[in-house]
Novice: 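Right, I'll just put the structure down here and ask away after.
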Amino acid sequence: MKKIIFTENAPAPIGPYNQAVLTGNMLYTSGQIAINPTDGNLVTSSIEAETKQVMENVKAILEAAGMTFENVIKSTIFIMNMNDFGAINTVYGSYFNEKTAPARETVQVACLPKNVNIEISVIATI
């Protein structure tokens, strides 16, 4: 049985998908980009600000499912420029306890939705 997770504190889906799906004790989020859910604008002033908004969107979805970043077991980061990795990693890392951080991959891609610089999805468990 699956349960759709939705919160107004993260960007609303713009296609045939949901912010997240909970099945059993596993939560799968859709990729989040730096859309501010309050005004719908993209946050792209810097890679740090963009990453922070993405992480805040992920946080809102986790909270809607009754979870925190401590529940995340796997994350996937798609970035446009691997040269941004250090700055992204600093912001991303501030959301996790290093000793219990999830497994992760970071992949440079050719293009992302709305021409953003970063997209992150996570898998979490209760």
Novice: Determine whether Leu42 and Val58 fall in the same hydrophobic cluster, where Ile, Leu, Val, Met, Phe, Trp and Tyr are linked whenever their side-chain heavy atoms lie under 4.5 Å apart.
Specialist: no
Novice: Quick one: closest heavy-atom pair of Gln32 and Pro11, and the distance?
Specialist: OE1-CD, 3.6 Å
Novice: Using a cut-off of 6.0 Å, state whether more than 12 heavy atoms not belonging to Lys3 lie near its atom NZ.
Specialist: no
Novice: Linking I/L/V/M/F/W/Y whenever their side-chain heavy atoms sit closer than 4.5 Å, directly or via other members, would Ile5 and Ile126 fall into one cluster?
Specialist: yes
Novice: Less than 4.5 Å apart, side chain to side chain, heavy atoms only: is that true for Met80 and Val109?
Specialist: yes
Novice: If we ignore hydrogens and angles and just use 3.5 Å, is the side chain of Gln108 paired with the main-chain N or O of Met82 as donor and acceptor?
Specialist: yes
Novice: So if you build clusters from Ile, Leu, Val, Met, Phe, Trp, Tyr with side-chain heavy-atom gaps below 4.5 Å, do Leu27 and Ile77 land together?
Specialist: yes
Novice: Which heavy atom of Arg104 sits nearest to which heavy atom of Thr106, and what is that distance?
Specialist: NE-OG1, 3.5 Å
Novice: When you check the side-chain N and O atoms of Thr100 and Glu70, is any donor under 3.5 Å from an acceptor?
Specialist: yes
Novice: Quick one: closest heavy-atom pair of Ile33 and Lys114, and the distance?
Specialist: CD1-CD, 4.2 Å
Novice: Any heavy-atom pair between the side chains of Met55 and Ile120 that's under 4.5 Å?
Specialist: yes
Novice: Are Pro37 and Asn57 close enough that some pair of their side-chain heavy atoms sits under 4.5 Å apart?
Specialist: yes
Novice: Establish, from distance only, whether the side-chain atoms of Tyr92 and Ser75 form a donor-acceptor pair under 3.5 Å.
Specialist: yes
Novice: Regarding Glu105 and Thr76, do their side chains bring together a donor and an acceptor under 3.5 Å, going by distance alone?
Specialist: yes
